[in-house]
Amino acid sequence: MLALIDGNNFYVSCERVFKPSLRGRPVVVLSNNDGCAISRSDEAKALGVKMAQPHFEFRHLEEQEGLVSLSANFTLYGDMSDRMMSLAAGLGAAQEIYSIDESFVDLSGIPGDLRGRARSVRERILQWTGIPCCVGIGPTKTLAKLANYIAKTAERKPGSYPPLQAQVCDLSALAPNEMNALLASTEVGEVWGVGRRIGEQLREGGVITALDLAHLDPATVRRRWSVVLERTVRELQGLPCIDLDDAPAPKKEIACTRSFGHPVRELPPLIEAVSEFAARAAEKLRRQGSLAGLVLVFAHTSPFRPGPRFARSLTVPLRRPTSDTAAITQAAVLGLECLFEPGFDLAKAGVMLLELCDDSVMQGELDLEVEVGRERGRLMHAVDVLNDRYGKGTLRLASTGAVGEQREWTMKQRRRTPQYTTDWRQVPVARA
DNA sequence: TCTGGGGTCCTAGGACCC
DNA sequence: TCTGGGGTCCTAGGACCC
């Protein structure tokens, strides 16, 4: 048996902990550059603000309806998440932290009243952190997610589900007919794993509710769609297909990308931005104890605006796997200089670190450069510690140094950015 | 004027090998 | 004129998640 614990309107709830005057008011938290809504209070949802809706489309509600729009404070949300997660872990034996505001907890072997236990953990989280949560319980991840959705919706929209299911919903405690009634009241698109595309196709085929989906034949679903959706159907039927992952593997790719507040046309500010992205990505890389073999850098114009389009990416191999900020920044800037072309209003750029490996792979090596690399590793570690203690960006590298030995290589297109094209066939390789 | 920033998994089809 | 077939690896692309 599994539980899914999820903070309600998480970013907004974090803000309300420190600004109680926001309670009861419509509030949204905005993305970087205040571009669009990424968290909405119930009151803001009731006003019709949609997830990821551009700010300019609902800004009028600030005057008309007293809507409060806040810039995001991700450091705060991360801290609040840590506190919430450690309390949620008390619900069972193992926990998988699934996102900043959600975790699955394994309830197998837990005796007694699961619902009562979930209620008291929920109360503790509310009391100790100020974050309201909902808990869904079910025999599979998909059913626990669905139960969580029911718990949230029953609370937010009275009449949508029986009031008994509000805040904590335990599907395992229900008789089959009660369970079916809940599934029949849930739109198919709300099921975990059914997105916009597949949701449309299902509805065209007359599959309207979660119960309809649960009644499909898994083999048919596999033939018509995929094994992914087949698993969803089986999980809805109560057969676990997705395991709890309480020791997630290190990330295989690490990215830092941003939309710009204003269009960028010149190379120098772009280099500045990309250097910052590279440094952030390298920090994340060191935090998980990995080295990167490739650095991908990209820049593109806005897909929403008219005018000439530009979209290119370039992968720059590092001479040897590294997590050194200077080497990674240098590679990113090198790639950027190769792909840049003046005359475009660039809206977004980013750096991705690829072909990651564990930093122990270099341990056996004895040559001088590796030794120098290790010294630099200790330096980078010291930088990270200081930045953790005194705040992001307290200590930064002043220069990435001169471009070292140059080697020719053949450009490789990445799958993630197929629309990107470039004439560059040869660029210098960066030194690790 | 103003449109997020991360990730993961699966599959089809081509390249290549024997 | 006839023109193998199966296995594996890699990549592009699609779909999903929060």
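Below, read A as the first sequence line, B as the second, and so on, with proteins coming before strands; counting in each chain starts at 1.
- Contacts of A:Lys141 with the nucleic acid, taken as non-hydrogen atoms under 4.0 Å apart, are absent.
- When the side-chain nitrogen and oxygen atoms of A:Arg280 are compared with OP1 and OP2 of B:dG5, none of them lie within a distance under 4.0 Å.
- Listed nucleotides C:dA15, B:dT3, B:dT8 differ in distance to A:Lys252; the shortest reach to its side chain belongs to B:dT8.
- Ranking B:dC10, C:dC18, B:dG4 by closeness to the A:Asn32 side chain, first place goes to B:dG4.
- The side chain of A:Pro263 sits closest to B:dC2 out of C:dC16, B:dC10, B:dC2.
- Atom NZ in A:Lys348 sits roughly 9 Å away from atom C1' in B:dG6 (whole-Å rounding).
- Considering only the side chain of A:Lys251, B:dT8 comes nearest among B:dT11, B:dG4, B:dT8.
- Among A:Arg23, A:Arg25, A:Arg16, the single residue meeting the side-chain contact (heavy atoms from CB on, under 4.5 Å) criterion with A:Ser41 is A:Arg16.
- Checking B:dT11, C:dC18, B:dG7 against every side-chain atom of A:Trp192, the shortest atom distance belongs to C:dC18.
- The nucleotide whose nearest atom lies closest to any side-chain atom of A:Arg197 is, among C:dA15, C:dC17, B:dT8, C:dA15.
- With rounding to whole Å, A:Tyr77 atom OH is found 19 Å from C:dC18 atom P.
- Residue contacts for A:Val29: at a heavy-atom cut-off of 4.0 Å it reaches no nucleic acid atom on any strand shown.
- Figure legend: cation-pi geometry between A:Lys141 and A:Phe104, with NZ or CZ positioned under 6.0 Å from the six-membered ring centre and within 45° of its axis.
- Across all strands shown, C:dC18 pairs with B:dG5; the Watson-Crick or G-U wobble distances both stay below 3.5 Å.
- Atom CD1 in A:Ile38 sits about 9 Å away from atom C1' in B:dG5, given to the nearest Å.
- Across all strands shown, A:Arg222 has no heavy atoms under 4.0 Å from either base or sugar-phosphate atoms.
- Across all strands shown, A:Leu30 has no heavy atoms under 4.0 Å from either base or sugar-phosphate atoms.
- A donor-acceptor contact under 3.5 angstrom links the side chains of A:Thr186 and A:Tyr161, judged on distance only.
- Nucleic acid contact class of A:Asp101 (heavy atoms, under 4.0 Å, all strands): sugar-phosphate only.
- Look at CE on A:Met352: it is 12 Å from P on B:dG5, rounded to the nearest Å.
- Ring orientation note: the planes of A:Tyr77 and A:Phe10 are nearly perpendicular, at an angle over 60° on the 30°/60° scale.
- Each of A:Arg258 and A:Phe304 was matched to the nucleotide of DNA chain B holding its nearest heavy atom; the match closer to the 5' end belongs to A:Phe304.
- For the pair A:Lys284 NZ and B:dG7 C1', the interatomic distance rounds to 10 Å; values are reported in whole Å.
- In this entry the distance linking CG of A:Leu294 with P of C:dC10 reads 14 Å, nearest Å.
- Listed pair A:Ser302 / B:dT3 fails the phosphate criterion, with no side-chain N or O lying under 4.0 Å from OP1 or OP2.
- Of all heavy-atom pairs between A:Asp42 and A:Asn9, the closest is OD1-ND2, 3.0 Å.
- Residue-level contact check: A:Ser226 touches neither bases nor backbone, having no heavy atom under 4.0 Å from any strand.
- Here A:Ile198 lies in heavy-atom contact (under 4.0 Å) with sugar-phosphate atoms only.
- For A:His300 and A:Phe298, the gap between ring centers is short of 6.0 Å.
- Closest to the side chain of A:Tyr98, from the set B:dT11, B:dG6, C:dC17, is C:dC17.
- Look at A:Arg231 and you'll find a side-chain N or O under 4.0 angstrom from OP1 or OP2 of B:dC10.
- Proximity of A:Lys145 to the phosphate of C:dC18: a side-chain N or O atom is located under 4.0 Å from OP1 or OP2.
- Per the geometry, NE2 belonging to A:His55 stands 12 Å off P belonging to B:dT3, to the nearest Å.
- When the nucleotides B:dT3, C:dC18, B:dG4 are ranked by their closest atom to the side chain of A:Ser99, C:dC18 comes out on top.
- Residue A:Glu57 is classed as having no contact, given no heavy-atom separation below 4.0 Å to the nucleic acid.
- Rounded to whole Å, atom P of C:dA15 lies 13 Å from atom CG of A:Leu202.
- Not a single donor-acceptor pair under 3.5 Å links the side chain of A:Asp6 to the backbone N or O of A:Glu102.
- For A:Arg59, whose side chain is taken as the heavy atoms from C-beta onward, the closest listed nucleotide among B:dT3, C:dC18, B:dT1 is B:dT1.
- When each of A:Trp225 and A:Tyr11 is assigned the nucleotide of DNA chain B bearing its nearest heavy atom, the one mapping closer to the 5' terminus is A:Tyr11.
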